[in-house]
Number of protein chains: 2
Amino acid sequence: MGLCEGEIAPSNSAAGHDFDHRSIIQTIPARRTICHPNEWSEYISIICSGWATSSIALPDGRRQILSFLLPGDIASLAGLFEPVCGPLIEAVTDVSCRTFKRGELKSVLLSRQDLLEKMTRNLLEEKKQADELAVDLGRRTAEERLSRLILKLQERLAKRGMVRNQSFEFPLRQWQIADATGLTPVHVSKVLGELQRAKLIEIKERWLTILDLPELRRVADRCVIKVHFSGPRTG
Amino acid sequence: MGLCEGEIAPSNSAAGHDFDHRSIIQTIPARRTICHPNEWSEYISIICSGWATSSIALPDGRRQILSFLLPGDIASLAGLFEPVCGPLIEAVTDVSCRTFKRGELKSVLLSRQDLLEKMTRNLLEEKKQADELAVDLGRRTAEERLSRLILKLQERLAKRGMVRNQSFEFPLRQWQIADATGLTPVHVSKVLGELQRAKLIEIKERWLTILDLPELRRVADRCVIKVHFSGPRTG
DNA sequence: CGGATAGTTGAGTTATCTCAAATGCAGTGG
DNA sequence: CCACTGCATTTGAGATAACTCAACTATCCG
């Protein structure tokens, strides 16, 4: 069983080997809530197909999307130890997911060192992503945030074999992009428009194509002192 | 051994029971780097006294502080499985910390189910904090961010018995506060000034006092409307 | 004393937001 | 099949939170 992003084939037989029989496949229509925050739940889900969001909503309507969940991703590892999952999980598209009983999943994990280590690495990776998000939101411009979002999605989808010719399905609404980048839908529209007019990307019929990868990367890292180097470097 | 924030007494004998003898106490002067990002290191440290920061720096000088490390905190759990710790760890004040060999710490952890679970919970808590930071940076105003930073520090210090009468030592420079809140030092100065003129807090001689906790909470959660006060105006 | 580091304050700038109107598009029901 | 309603998106104009720059003061420390 792979708990690391991209390791799990997004098919139905994906998530578990030794305890598939203890899981249920569920289907959730687009825009529906998958998991309420601070609500008691016995279950933990892994996305098998479709996109979902994990977000935190403030009482006055503001909200921040913490991550987009793609096939193979676990909806809230946080739910493993606590009966409440913390963030709000919602389906972007129609989503199918495999659902496990919390207690069972936990005991299987705790009994197998290798799985446990995988889960820990997974959690560490999530933490790293969260840290990067904080940098994006705290210190990067709208252009950078949007370019980076696109590039990251592209990478993650590529790992799953869901990108062809720099094109991939892109079901996000602009208000969702806004909530993910800490911007306003209006501003997202403007900046996305600029990126398209500059021929860096194209968005059409819910598909996104990266037209100029190197340039998009430059915009995404407006800081990079263009080092073109000839070998692997680390510092 | 307590891996959860606040569980560890901030004394020297704090961090380990069964393997204290395998650790070294280190002292780092203020402003010095404790752990370089992306640099190979055999060691993992737990803060025993003093404050430190965990941050990510962009090549062009922008930086985002991800968290302040207080006595009892682990400097980068991420370092447990990877030889590089990711963020940059720096001492704010003089810091003393207990340092373990990565491999040894890891093997002890993996061999004891209870410790492992504690560590996992700890990691989940860190993730939760990171998520909240993202909400702050993405969706909250400067006033909110600063009030919340102060309140969170107060809570964490209180758990450690380091708060008396709503007062605690506050060694942070305004540029550090700026890097933690995604703001500019100049703007931090202005907003902090307002909070003080409004008698919500007082900062003097590296000590911070919360003068009006309920009101500060309200500002931190902007659920509430502007309160009129008759003191000096702020513009 | 002189030089570095911090903090404050004011003036002007800018990135991003708010509001609003216009367009498109997709699904519904008559 | 069409009118209708509800979402999404685009675009413009004006407002504002936060930024930059710069000058001034205070503090620390050798």
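So that the names make sense, note that chain A is the first sequence line, chain B the second, and so on, each numbered from 1.
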Undergrad: Check the distance between C:dA6's C1' and B:Ile203's CD1 and give it to me in whole angstrom.
TA: 13 Å
Undergrad: Does A:Ser189 place a side-chain N or O at less than 4.0 Å from the phosphate oxygens OP1/OP2 of D:dT10?
TA: yes
Undergrad: Can you check the B:Gln174 CD to C:dA6 P distance for me, whole Å?
TA: 11 Å
Undergrad: Mind calculating the distance between CZ (A:Arg62) and P (C:dC17) to the nearest angstrom?
TA: 13 Å
Undergrad: Roughly how many Å is it from NZ in A:Lys204 to C1' in C:dG24, rounded to a whole number?
TA: 17 Å
Undergrad: How close or far is atom P of D:dA18 from atom CD1 of B:Ile177, stated in whole angstroms?
TA: 16 Å
Undergrad: With respect to the side chain of B:Arg173, which nucleotide from D:dA18, D:dT20, C:dA6 is positioned closest?
TA: C:dA6
Undergrad: Reading DNA chain D from 5' onward, which residue's closest nucleotide shows up sooner: A:Arg139 or A:Arg206?
TA: A:Arg206
Undergrad: Which value, rounded to the nearest 0.5 Å, describes the distance between B:Thr53 atom OG1 and B:Ile89 atom CD1?
TA: 7.0 Å
Undergrad: Report the distance from atom CD of A:Gln196 to atom CG of A:Leu211, rounding to the nearest 0.5 Å.
TA: 8.5 Å
Undergrad: Taking only the side-chain heavy atoms of B:Lys190 (C-beta and beyond), determine which of C:dT8, D:dT9, C:dA11 contains the nearest atom.
TA: C:dA11
Undergrad: For B:Arg31, which contact category applies under a 4.0 Å heavy-atom criterion: base, sugar-phosphate, or nothing?
TA: sugar-phosphate
Undergrad: Quick one: do B:Arg139 and A:Asp60 make a salt bridge, cutoff under 4.0 Å?
TA: no
Undergrad: Short question: side chain of A:Arg218, backbone of A:Pro214 - any donor-acceptor pair under 3.5 Å?
TA: no
Undergrad: Rounded to whole angstrom units, what separation is found between the CG atom of A:Leu172 and the C1' atom of D:dC7?
TA: 16 Å
Undergrad: Main chain of B:Val135, side chain of B:Arg140: is a donor-acceptor contact present, judged purely on distance under 3.5 Å?
TA: no
Undergrad: I want to confirm an ordering. Mapping A:Val186 and A:Glu143 to their closest nucleotides on DNA chain C, which one lands closer to the 5' end?
TA: A:Glu143
Undergrad: Report the distance from atom CG of A:Leu146 to atom P of D:dT9, rounded to the nearest whole Å.
TA: 13 Å
Undergrad: For C:dA15 and A:Thr141 - does any side-chain N or O of the residue sit under 4.0 Å from the phosphate oxygens OP1/OP2?
TA: no
Undergrad: NE2 of B:His187 versus P of C:dT14: gap in Å, rounded?
TA: 17 Å
